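One structure is given here, and the rest of the page talks about it.
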Number of protein chains: 2
Amino acid sequence: MKQESRKQEIVNAAAILFKEKGYSAVTMRDLATAMGIKAASLYNHIQSKQEILSTIIIELAEEFTTGMNQIVSSDKSSIQKLENIISLHIDVTLRNADGLASLNNDWMHLEEKNLLYFEKMRQDYEGNFRKIVKKGVDVNEIKSNNIEIIVFSTLSTLRTLYLWYPKQKNIDANILKRDMISVLLKGVV
Amino acid sequence: MKQESRKQEIVNAAAILFKEKGYSAVTMRDLATAMGIKAASLYNHIQSKQEILSTIIIELAEEFTTGMNQIVSSDKSSIQKLENIISLHIDVTLRNADGLASLNNDWMHLEEKNLLYFEKMRQDYEGNFRKIVKKGVDVNEIKSNNIEIIVFSTLSTLRTLYLWYPKQKNIDANILKRDMISVLLKGVV
DNA sequence: GTCTATAGTAGGATAGAC
DNA sequence: GTCTATCCTACTATAGAC
């Protein structure tokens, strides 16, 4: 994405290792070995292990935030907005499934400043999601008694896509979106 | 559950810490502080940090295995079996939400022998789940084009219950079961 | 951009006193 | 059952040569 390709290579390699063992269990030596260099050499490209983690997580969180903001301000029905959210998750997952492991499991290891920033984005995201579902219920687009369970179960599934998607062979993104929308929303409409 | 209450206290305290920061990021000194003692004292009750992790995870995995085996061998419809699986997850979650965090996120830190045992149980569990859904589709109890997505989305939601449930205030287990069954299966039946 | 060498810290675990 | 003291290892990160 950016021009700093060596740093990006390190970040990408780190995302894979973080996915397998979690941030805390991956050492700079592990990462260096994966890159075929020595641990000390990593520090010519990154400032700290922390910086790698925040690079992975904050970038992804901002992608979700941007995507959600566009959906929220669009002139669509609640159901269409939910479909677009599902689509957003699938797009991000296909592009960076490894990084999503860190976002889901290692966000608590962000340092203070980024932690607060992340938690704000995450809370806003969930808030927007909940508002869309509520609106859908108000205008009778969505039939349900329990908004919280719908928000929770849908988000759980979308957040776990990063684990499931790599195990499927050659799924077409559009077919996946169609089927995902079908399964997640059919119980709701 | 058992008589060895001091060990169980340590395991319970560890489960809470593992949930917050993950197994690798929790030190024996952290755990000792939470217990109000010194790190060295822990070793009078447990053999290693590893033992704490495997105690938490293996016990839970065996609960799921036992529960699933009973459901599989029962004389019920596919839908009823799925309802019983949802019920099983809710029961286990209400009893030990903290431990489920380790089962979900830190199983890869089990040592060789327990890791293989765990992975076998997990694979069997998913296999049984898939078989039940397939049978339901075969006999037209379940209408769907994509079995894998149903298995994935349902399991994702059930596995994430441990994160969501503690944030809800005073949910009655039976109401939760009813609503969960409604949301998870309505899109499927 | 990568290396060797190493500083400085923190981790899991044990020995032995009380 | 808990303590203090400590061993040994492994971690993140830096300095300085090539």
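Model, not experiment: these values are computed from the prediction. Proteins come first, then strands; the chains are lettered A, B, ... in the order of their sequence lines, and each starts at number 1.
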Nucleotide by nucleotide, nucleotides 13-18 of chain D touches protein heavy atoms under 4.0 Å in the pattern (B base, S sugar-phosphate only, - none) BBB---

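The aromatic rings of B/Tyr23 and B/Phe18 sit perpendicular to each other, their planes meeting at more than 60°, with 30° as the lower class boundary.
Summarising the geometry, atom CD1 belonging to B/Ile71 is positioned 9.5 Å from atom NZ belonging to B/Lys81; distances are rounded to the nearest 0.5 Å.
Taking B/His89 as the reference, B/Phe64, B/Tyr125 meet the ring pair (Phe, Tyr, Trp, His ring centres under 6.0 Å) condition, with sequence neighbours excluded.
Using a 4.5 Å heavy-atom cutoff, the side chains of B/Leu53 and B/Ser102 are in contact.
One finds a side-chain N or O of A/Ser41 lying less than 4.0 angstrom from the OP1 or OP2 phosphate oxygen of C/dC3.
Atoms NZ (B/Lys38) and C1' (C/dG12) sit 16 Å apart, rounded to a whole Å. In this structure, NE2 of B/His45 is placed 15 Å from P of C/dA13, rounded to the nearest angstrom.
In this structure a side-chain-to-backbone donor-acceptor pair under 3.5 Å is missing from A/Lys38 to A/Thr33.
Only at 4.0 angstrom or more do the heavy atoms of residues 12-22 of chain B sit from any atom of DNA chain D, so none qualifies.
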Could you walk me through whether B/Glu126 and B/Lys131 satisfy the salt bridge (charged side-chain N to carboxylate O under 4.0 Å, His left out) test, starting with their C-alpha distance in whole Å, then the side-chain angles of each, then the deciding distance to 0.1 Å, before giving a yes or no?
CA-CA 9 Å; B/Glu126 285 192 24; B/Lys131 263 188 217 161; over 6 Å; no

Stepwise salt bridge (charged side-chain N to carboxylate O under 4.0 Å, His left out) test for B/Arg130 and B/Glu148
CA-CA 8 Å; B/Arg130 187 173 289 106; B/Glu148 286 309 316; 2.8 Å; yes

